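Single-structure report; data block below.
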Protein chains: 2
Amino acid sequence: MKNYNVKKNTICPLRKSLRRILLYRGSLLRLQTLGVKRVYSYTLGKETGVSAEQVRKDFSVYRIKGNQRGGYHVDKLIADLESIFYHNGSQNIIIMGRGNIGSSLANYSNFIQRKINIVASFDIDPSKQRLRSEIPVYTLDRLGEVVKRFEVKTAIIAVPDIAAQEVCKQLVELGVEGIINFAPVILKVPSHIIINNVNLSDEIESVIYCVSQPGPLST
Amino acid sequence: MKNYNVKKNTICPLRKSLRRILLYRGSLLRLQTLGVKRVYSYTLGKETGVSAEQVRKDFSVYRIKGNQRGGYHVDKLIADLESIFYHNGSQNIIIMGRGNIGSSLANYSNFIQRKINIVASFDIDPSKQRLRSEIPVYTLDRLGEVVKRFEVKTAIIAVPDIAAQEVCKQLVELGVEGIINFAPVILKVPSHIIINNVNLSDEIESVIYCVSQPGPLST
DNA sequence: TTTTTATAGTTATATTTTTCACATATAATG
DNA sequence: CATTATATGTGAAAAATATAACTATAAAAA
């Protein structure tokens, strides 16, 4: 009577594989600037800390082909990989909150190379509008206008945790579908919304644990 | 002739489970300040976006017990969870690089609650020493002294990618064993070193992909 | 005190992800 | 132009992870 044909991993499939694709791309861009023309799954794996088999498997998932003796052409491979996530062209995103994290993201130069286009940031504190920054700072009353004008589908939440849920709600109501959340709260959202929680304290603590730990449950 | 008794997942086992333990703790701390005395696996799961079964399973891995009808006492549970990663007391860590990310981490108030103790930060630019910040800024010549005095075992690398490998090398030579790396480079380290790469661009791009993508390989 | 009931704890099952193994293709070589 | 060496591409096996199903237990109710 058991019937287990419900497909899981359904909201955003292949996420792990995709994360590695992003890694490969980063590595390839570096190799490209060094003038490297050709890579092998082994080379790329070593660069990114992934096994060669895993690299090939990931490519196979996305139907990316190489030459069965000569590896992969760097330029072509980058183009192939980017076609996976840039099919809609570059995306306009916004940053909610101009505190420490919000501002450091606003000034983060890496995004430009990646075609991540931060069009605006928001903060309840009007004095933040005077911040010297490439990215304009607005108060929340202009949120709807900006989201609409730039067709913003993705937003970064970098507001204090008490404010995060409310900001999130507003974003979702305006049609934002993807959120990168730096507040240490689990946001309640409709199921079609993609949330990526980034908790910097946890990132650090997980390393501290591994370092101070000889091995778990050493009973 | 096949012999597959080599245990994998060996450097830092149970990492995924541990990551969730950190999530639970965060949620519990919030519930604690709200005066909540008791939680159930179901409650905690809902708070953290994890299934109730998963919560119980994670606890079972770390031999954490509740009451078989009354759930878990919040205070006791927090203490139990923290005993997993705080058995060595609070850890002194340092931040390498006082650019955007380094500075925002240095000013990040969440660490205090978490017993993450940032004792110093470093930057090649001596003018950074004049930054107004709780965390002192030194040039690299004092690195050895600080690592030794504060018994630093974990460091955050937030320097430009070109400098990251060199900084990393120095840290490892001084006995640092755990690194949280914000530079978009894969660091070459001896195998006993724990590395956690955090790539903010990738965090954002992976969401952009999921949002703009109706479904993968829709051939 | 016994029964009921809700929830923890655990074992079994399913799913996902990674690794292995090898057939296959192709650039390089003589 | 045939041969060879070396990477790729992929189906199968294994490992890791998550989910579900079930059992035991303790609190509450009768």
Side-chain angles (χ1 to χ4, degrees), chain A residues 1-21 23-24 28 36-74 76-77 80-81 206 216-217, chain B residues 1-21 23-24 28 36-74 76-77 80-81 206 216-217:
Chain A
M1 203 52 186
K2 293 178 192 173
N3 212 332
Y4 292 116
N5 38 15
V6 183
K7 226 358 202 180
K8 300 299 166 57
N9 202 2
T10 184
I11 300 160
C12 184
L14 313 168
R15 192 135 176 183
K16 279 202 148 179
S17 173
L18 177 80
R19 296 300 290 247
R20 285 191 302 264
I21 296 279
L23 264 184
Y24 306 148
L28 286 164
V36 177
K37 291 292 171 210
R38 203 176 256 189
V39 286
Y40 306 110
S41 58
Y42 176 77
T43 329
L44 199 51
K46 214 172 174 189
E47 283 292 313
T48 52
V50 172
S51 74
E53 297 85 358
Q54 184 74 80
V55 172
R56 296 203 301 274
K57 194 81 184 198
D58 287 336
F59 288 172
S60 125
V61 166
Y62 290 99
R63 314 268 163 84
I64 285 167
K65 302 280 176 187
N67 303 24
Q68 273 191 308
R69 175 73 196 277
Y72 305 84
H73 288 283
V74 173
K76 173 142 192 323
L77 187 49
D80 284 352
L81 295 181
S206 72
L217 307 177
Chain B
M1 203 50 185
K2 295 177 191 174
N3 210 332
Y4 292 116
N5 38 15
V6 183
K7 222 1 198 183
K8 302 298 168 54
N9 202 359
T10 184
I11 298 161
C12 185
L14 312 169
R15 197 140 172 179
K16 279 202 151 180
S17 173
L18 178 79
R19 295 300 290 249
R20 285 190 302 264
I21 295 281
L23 263 185
Y24 305 148
L28 287 164
V36 177
K37 293 292 171 210
R38 206 176 254 188
V39 286
Y40 306 111
S41 59
Y42 176 77
T43 330
L44 199 51
K46 212 171 175 193
E47 282 293 312
T48 52
V50 172
S51 74
E53 297 84 359
Q54 185 74 77
V55 172
R56 297 204 298 275
K57 190 78 185 228
D58 286 337
F59 288 172
S60 126
V61 167
Y62 289 101
R63 313 267 163 85
I64 285 166
K65 302 283 177 185
N67 304 23
Q68 273 189 307
R69 175 75 194 274
Y72 305 85
H73 287 283
V74 173
K76 172 140 193 322
L77 187 50
D80 284 353
L81 296 181
S206 70
L217 308 176

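Proteins get letters first, then strands, A, B, ... in listed order; numbering begins at 1 in each. Keep in mind that what you see is a predicted model, and the values were worked out from it rather than measured.
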Rounded to whole Å, please give me the gap between [atom1] in [X] and [atom2] in [N].
X: A:R56; N: D:dG11; atom1: CZ; atom2: P; result: 14 Å
X: A:R19; N: C:dT18; atom1: CZ; atom2: C1'; result: 18 Å
X: B:Y42; N: C:dG9; atom1: OH; atom2: C1'; result: 20 Å
X: A:D58; N: C:dT16; atom1: CG; atom2: P; result: 16 Å
X: A:E53; N: D:dA14; atom1: CD; atom2: P; result: 16 Å
X: B:K16; N: D:dA16; atom1: NZ; atom2: C1'; result: 9 Å
X: A:K57; N: C:dC22; atom1: NZ; atom2: P; result: 15 Å
X: B:L18; N: D:dA16; atom1: CG; atom2: C1'; result: 16 Å

Please determine whether a side-chain nitrogen or oxygen atom of [X] lies at a distance below 4.0 Å from atom OP1 or OP2 of [N].
X: A:R63; N: D:dG9; answer: no
X: A:S60; N: D:dG9; answer: no
X: B:Y72; N: C:dG9; answer: yes
X: B:S41; N: C:dT7; answer: no

Just so I know, are the side chains of [X] and [Y] near enough to count as touching, which here means a heavy-atom distance under 4.5 Å?
X: B:L44; Y: B:F59; value: yes
X: A:L28; Y: A:V36; value: no
X: B:I21; Y: B:Y62; value: yes

For side chain to side chain contact (heavy atoms under 4.5 Å, CB included), just list the numbers for B:R63 and B:D80, CA-CA rounded to whole Å, side-chain angles, deciding distance to a tenth of an Å, and then say yes or no.
-> CA-CA 9 Å; B:R63 313 267 163 85; B:D80 284 353; over 6 Å; no
Does the C:dT26 base have a donor-acceptor partner in the side chain of A:Q68 within less than 3.5 Å?
->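 No such pair is found, so the answer is no.
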Check: B:T43 side chain, B:V39 main-chain N or O, donor-acceptor pair, under 3.5 Å |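 No.
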Residue pairs passing the salt bridge (Lys or Arg N to Asp or Glu O under 4.0 Å) test where at least one lies in residues 36-45 of chain A, sequence neighbours excluded =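 Qualifying pairs: none.
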Tell me, which pairs form a salt bridge (Lys or Arg N to Asp or Glu O under 4.0 Å) where one or both residues lie in residues 51-62 of chain B, sequence neighbours left out?
->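 Every salt bridge (Lys or Arg N to Asp or Glu O under 4.0 Å) pair that includes a residue of residues 51-62 of chain B, provided the two are not neighbours, is B:R20-B:D58.
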Each nucleotide N or O in nucleotides 27-30 of chain D that has a protein N or O under 3.5 Å away: list the pair and distance.
from   : atom 1 : to    : atom 2 : distance (Å)
D:dA27 : N3     : B:R69 : NH1    : 2.9

How would you label the contact of A:F59 with the nucleic acid (heavy atoms, under 4.0 Å): base, sugar-phosphate, or nothing?
->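 Nothing, no nucleic acid heavy atom in range.
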